[in-house]
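So the structure is just underneath, and the comments pick up after that.
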Amino acid sequence: MEYNFRKIEEEWQRKWKENNVYRVSNGSSKPKYYVLDMFPYPSGAGLHVGHPLGYIASDIFARYKRLKGFNVLHPMGYDAFGLPAEQYAIEHGIHPAVSTDQNINNFHAQLDKIGFCFDWSREVRTSDPGYYKWTQWIFLQLFNSFYNRSAQKAESITRLVKIFEKEGNQAHPVPDAKFELRNPNFEVLNGNFTAAQWKTFDEKTKQDILMEYRLAYCGYGEVNWCEALGTVLANDEVINGASERGGHPVVRKKLRQWYLRITEYADRLLEGLVHIEFSDAMKEMQTNWIGKSYGAEIDFEIAASRAEGAGEKAKLKVYTTRPDTIFGVDFMVVAPEHDLITQITPSAQKKAVEDYIAYVKSRSDRERQAEKKISGCFTGAYAINPFDKREIPIWTSEYVLAGYGTGAIMAVPCGDERDFKFAKHFNIPITNIIGKHYNGEEANPTKDAILENSDFLNGILMRDAIDVAIKKLEELEIGKRKVNYKMRDAAFSRQRYWGEPFPIKWMNGIAYPLPEKDLPLQLPYVEAYKPGPEGEGPLANIPSWTEKKLETNTMPGYAGSSWYFLRYMDPHNEAAFCSREASDYWGQVDLYIGGTEHAVGHLLYSRMWTKALFDLGLIGFDEPYKKLVNQGMIQGVSEKIFLSAVSFQHLKTCKKQNSFKVPIAVDGGYEVDVRDPKEDEPVAAATDILHQSRFKLADFFIDNFGANTVEYRVDISDVENHELDIESFIKSHRGAQFKNAVFLCEGGFWFQGRFHRKNNGSDKFFTEPEVEKMSKSKYNVVNPDDIISKYGADTFRMYEMFLGPVEQSKPWDTKGIEGVHRFLKKLWRLFFDEQKGKVWNEEKATGAELKALHKAIKKIEEDTERFSFNTAVSTFMIAVNELSDLKCHKKEILEPLLILLAPYAPHITEELWHQLGNAGMVIDAAYPKAEEKYLAESSKNYPVAINGRTRAELTIALDATQQQVEEMILANETVKKWLEGKQPKKVIYVKNKMINVVL
RNA sequence: GCCCAGAUGGCGGAAUUGGUAGACGCGCCAGACUCAAAAUCUGGUAUUGGCAACAAUGUGCAGGUUCGAUUCCUGUUCUGGGCACCA
């Protein structure tokens, strides 16, 4: 009886489905465990072997937990809204709903083949109106809430209105300090209003004020605007200030946007990190993203003597974490977007400043920070240092971002590297306030210097001076202590079609929520996806939509994914997003597996939503994910060849084609039948010869190959062992253009199917491998379907795990899969022999067999618990090797081994489990227990090191004393040889570890 | 530029708390079975020198701490992920 994985896997997948083996109920006498994978976006390219890595890991853990007696929730669904589907619709005219459906079906079929224990009855799709009804509903909860800072929680906005009616906003100032509160006559209210004033405000004013408090609110923000495409672009669609598609110019433009007031949750998001099991790296990334810092806001007056007109009374507010360096300020830098610039710039500098601002508008935030080139422009205005009254030039530069702090900084070149470089570049004199700590070569950001040249701060340690300076600022009322966050409110709208519509109606410039009974507000069907006028989304083109004054933006991708883990608990509930009963039962996700790319996006948003839902009493916990495991990426191996404008010795070149030149003539010395190729046809290709120094190009009748080579990725299906199958390559769609190309190898070259030998080197055409992202565009995608049809799902699952630690990125190499497949065949042979059939028996196990088993049980359990699945697979291999060596076919040993292996290879174990005569499913068996009595050892083979280097081995009883060990050591031949008759300085004996003799 | 992570044989990786570097698998080499091949099995395989015993070197690079460092510390290079409209 052979291991027929195809039959076994199909059969059990069918039976599992028929018997609802993986359906879970909300309630059980067993303890609960919730295992979740990060929400996949069903892309048109389908699954490649990298995608299921995390799903396999979570599947193993879910099955393991079930064996351990837990009621395990392990659901799967789709994050189905998103830009790619819309882009596909624009290009191919297929409605996103249609293509998304196709993609999901494709994904689903691929996932099914891997044998996951998902409870598919709980599947959700964010684009399903039954799902996004509740995304809209939660949005309305956020819209109708504000963050009560004194209670440190979200509360109903109607409560806030009552407070305003009773006492104004004294106790609840506007969250955004930059917001200018105005009454209906547009008079600035200085931040506060009384109950009496509130009552006099008209509806519009009231609503505008409330909008400043709502957790989901509407405001204005800058986007990448591409006039030519008439649309807003994502950062990764913008390359060097131009659109990726078409290369049209892109500028920053202010558009009306929805936001989530996540900044109000900054402290709780930080504090919450203490209570959840995320990796330190992940916590650090989130902490840095939130970017809490302590410092001061300082007002600098604008020098009247140097300013013209309006600027006179203006003040420049800066935020700094280092107020101790105030006497080292040599210049100020304001963000190019800063409102003050136009006010303070004297006419003489206007042109230069405007030109500079225009330049900056074409640059993304990323470029502005990443650029090594220093740029900036002097505004012509001066600020006055509030302490020593020194006049300080005010510059504008792209490295200061409008969104952070006050959008202006005081620059201290002796203490800050960026400021230093800027000062050097523009020849701004540098004041040294830290004496010998500053060497004039580079800035020194120390806090451990004693201040000099610093007036009242002289002689104080900088660390201590921070507080002294702030106290003085507050005393003189020129500044105040300030906590600042780098994190900004989350932009929550997209000018796109394929997303959740906002349940919002606009009337007289006021946003009104739709009543709950009108949800879901369904996404209307459209034929075209063109952006609307003035940068509005495609929904603005639909008269029936705009007639109803409905919001034309849609929600971003993370709307649906911020709460999906809750919907899985109660996926078919039509009365609530998730019943309190269900969320109380399942609680937090116990294990969440996904990539680090979500570190600061999805994970922070999801945490914020959870906290808001908790505050509003809708769920009973305020962190969504108890433990997070980050899976690494499986990379692809691309295979590259090199193309060049080659120059044969007697060669003419003709028309330039795609920057390659085309060879048309022949080398005189060789009979090469290079007929004149058509102008649009060939290109020359070459190979590893570029990398072989022993190969002399001069031998080859080529002048300057390599001068202009271009890398070209060939499809990995045309490559084996880094050798290109030229024939198959030329037959492929992309390779057709190379049919008249010359393929240089070490021993000669291929041309039109014939090899022309030049020397006795190889005629193999080698490619250059490169490890990079697995992606369609790199022609290096390996499809799991192919692997499974060749080796089966169990082999595939185990090999994915065997490749290396889940957390680590590693390249896929199909070749290695044979080893895992052999292992499963070897396991099978413990039960069945090809000729003899059944070989397993019910004999009593020996001590050696029990030891092999219990060693495995112990290690597998430990490894599974710490997500070290690769070493667990090794342990299975070792166990099966040992049992094979022992010729052990005993049920007593093999049956527990099957249970151990069931999470990893569910199909083969299910089959063998039933072959052993069991009736139920293996997943409902009890996990075996490792018994120490089979593992006990009385002695250990110790390594004996001389000066730390292992020289010998010695078997010593585990209970040996230091003295006994020393005696044994000194009697050892190898040790004697090294001692050369002398006494050792020291003998280090670490029980159960090693022995080290120090000479 | 900023934040985070990683680097170990020909390849993927192991070494869980500072204690035998290279488990397990791939590949490769040799052998058995076979008319032959596949499959399977056995042995070998970090590098250098040596018939061998053995010796020297060796965990990206340069230092440091320690009886002992892949593991801890300082600096540095390269690669990957993220940087707010890809998901």
Side-chain angles (χ1 to χ4, degrees), chain A residues 38-41 43 79 81-84 87 221 223-224 231-238 257 279-282 284-285 287-289 291 365-372 399 403 417-418 487-491 493-496 556-558 561 595-602 604 630 632-633 635 721 771-773 799 802-805 807-813 815-820 822-823 825-826 829 834 862-863 866 868 870-871 873-878 881 884 941-953 984-988 990 992-999:
Chain A
M38 279 189 190
F39 225 8
Y41 175 79
S43 90
D79 190 8
F81 276 131
L83 198 55
Q87 198 53 44
V223 293
N224 298 313
T231 186
V232 178
L233 297 176
N235 272 338
D236 61 340
E237 294 179 295
V238 183
Q257 302 287 348
S279 68
D280 288 345
M282 181 69 53
E284 209 170 324
M285 276 190 263
T287 302
N288 291 339
W289 181 264
D365 276 6
R366 184 93 47 88
E367 287 171 326
R368 285 172 57 171
Q369 288 169 90
E371 196 62 61
K372 289 175 188 175
Y399 81 93
E417 199 52 38
R418 278 199 121 147
M487 182 167 67
R488 309 197 290 268
D489 279 341
S493 49
R494 305 291 182 256
Q495 288 68 47
R496 304 282 182 186
Y558 66 85
S561 63
T596 43
E597 67 270 25
H598 299 288
V600 289
H602 160 63
L604 272 177
N630 290 118
M633 259 209 292
Q635 294 149 313
N721 288 329
V771 173
E772 56 189 353
K773 211 163 165 165
Y799 185 54
F802 187 60
L803 272 179
E807 304 89 351
Q808 212 168 290
S809 290
K810 58 253 161 181
W812 176 267
D813 177 17
K815 272 189 297 183
I817 202 168
E818 291 282 354
V820 175
R822 265 175 220 153
F823 154 75
K825 285 199 273 191
K826 201 165 177 180
R829 285 201 303 273
E834 248 175 77
E862 276 171 15
D863 285 354
R866 65 187 176 104
S868 179
N870 57 326
T871 52
V873 175
S874 300
T875 306
F876 282 121
M877 289 174 171
I878 292 168
N881 287 346
S884 296
N941 199 14
Y942 280 90
V944 179
I946 315 278
N947 281 342
R949 185 140 202 131
T950 309
R951 298 292 176 185
E953 283 182 0
K985 275 201 193 119
K986 209 192 223 173
V987 175
I988 294 159
V990 184
N992 219 354
K993 293 281 187 203
M994 47 68 71
I995 295 157
N996 189 17
V997 181
V998 185
L999 298 187

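In what follows, chains are A, B, ... by sequence order, proteins preceding strands, each numbered from 1.
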From the list [options], which nucleotide is the closest neighbour of the side chain of [X]?
{"X": "A:Trp289", "options": "B:C86, B:C83, B:G13", "answer": "B:C83"}
{"X": "A:Arg829", "options": "B:U40, B:A15, B:C24", "answer": "B:U40"}
{"X": "A:Met285", "options": "B:A14, B:U40, B:G81", "answer": "B:G81"}
{"X": "A:Met633", "options": "B:G80, B:A23, B:C41", "answer": "B:G80"}
{"X": "A:Lys826", "options": "B:C41, B:G82, B:C24", "answer": "B:C41"}

Could you check whether [X] gets within reach of a base, just the sugar-phosphate, or nothing at all, counting any heavy atom under 4.0 Å?
{"X": "A:Asn941", "result": "base"}
{"X": "A:Ile988", "result": "base"}
{"X": "A:Pro556", "result": "nothing"}
{"X": "A:Glu807", "result": "nothing"}
{"X": "A:Ser493", "result": "base"}
{"X": "A:Gly557", "result": "nothing"}

Is a donor-acceptor pair below 3.5 Å formed from side chain A:Arg951 to base B:G68, judging by atom type as modelled? no
Ignoring hydrogens and angles, are the base of B:C85 and the side chain of A:Gln495 linked by a donor-acceptor pair under 3.5 Å? yes
Backbone of [Y] reached by a side-chain donor or acceptor of [X] within 3.5 Å:
{"X": "A:Tyr942", "Y": "A:Asn992", "answer": "yes"}
{"X": "A:Thr596", "Y": "A:Ala599", "answer": "no"}
{"X": "A:Asn941", "Y": "A:Glu953", "answer": "no"}

Would you name the heavy atoms of A:Val600 and A:Met285 that are closest together and state the gap between them? CG1-O, 3.7 Å
So the stems of RNA chain B, runs of at least three Watson-Crick or G-U pairs (under 3.5 Å), are B:1-7 with B:77-83, B:10-12 with B:24-26, B:27-32 with B:40-45, B:46-49 with B:54-57, B:60-64 with B:72-76
Nucleotide [N], atom [atom2] - distance to [atom1] of [X] in whole Å:
{"X": "A:Lys985", "N": "B:C67", "atom1": "NZ", "atom2": "P", "answer": "10 Å"}
{"X": "A:Lys825", "N": "B:A39", "atom1": "NZ", "atom2": "P", "answer": "8 Å"}
{"X": "A:Glu834", "N": "B:A38", "atom1": "CD", "atom2": "P", "answer": "16 Å"}
{"X": "A:Asn992", "N": "B:A15", "atom1": "CG", "atom2": "P", "answer": "18 Å"}
{"X": "A:Lys810", "N": "B:G80", "atom1": "NZ", "atom2": "P", "answer": "17 Å"}
{"X": "A:His602", "N": "B:A84", "atom1": "NE2", "atom2": "C1'", "answer": "16 Å"}
{"X": "A:Arg949", "N": "B:U66", "atom1": "CZ", "atom2": "C1'", "answer": "17 Å"}
{"X": "A:Gln257", "N": "B:C85", "atom1": "CD", "atom2": "C1'", "answer": "9 Å"}

For the atom pair [atom1] ([X]) and [atom2] ([Y]), what is the distance rounded to the nearest 0.5 Å?
{"X": "A:Glu772", "Y": "A:Gln635", "atom1": "CD", "atom2": "CD", "value": "9.5 Å"}
{"X": "A:Ser884", "Y": "A:Phe823", "atom1": "OG", "atom2": "CZ", "value": "9.5 Å"}
{"X": "A:Asn224", "Y": "A:Leu233", "atom1": "CG", "atom2": "CG", "value": "6.5 Å"}

Determine: side-chain N/O of [X] to OP1/OP2 of [N], distance under 4.0 Å, yes or no.
{"X": "A:Arg368", "N": "B:A84", "value": "no"}
{"X": "A:Asn288", "N": "B:C2", "value": "no"}
{"X": "A:Arg494", "N": "B:C85", "value": "yes"}
{"X": "A:Gln808", "N": "B:A5", "value": "no"}
{"X": "A:Asn996", "N": "B:U20", "value": "no"}
{"X": "A:Arg822", "N": "B:C26", "value": "yes"}

Looking only at side chains, do A:Lys986 and A:Asn996 share a donor and an acceptor under 3.5 Å apart? no
First of A:Thr950 and A:Glu818 reached from the 5' end of RNA chain B, by closest nucleotide: A:Thr950
Assert: residue with more 5' nearest nucleotide on RNA chain B, out of A:Lys993 and A:Asn870, is A:Asn870
Heavy-atom distance under 4.5 Å between the side chains of A:Arg368 and A:Tyr399, does that happen here? no
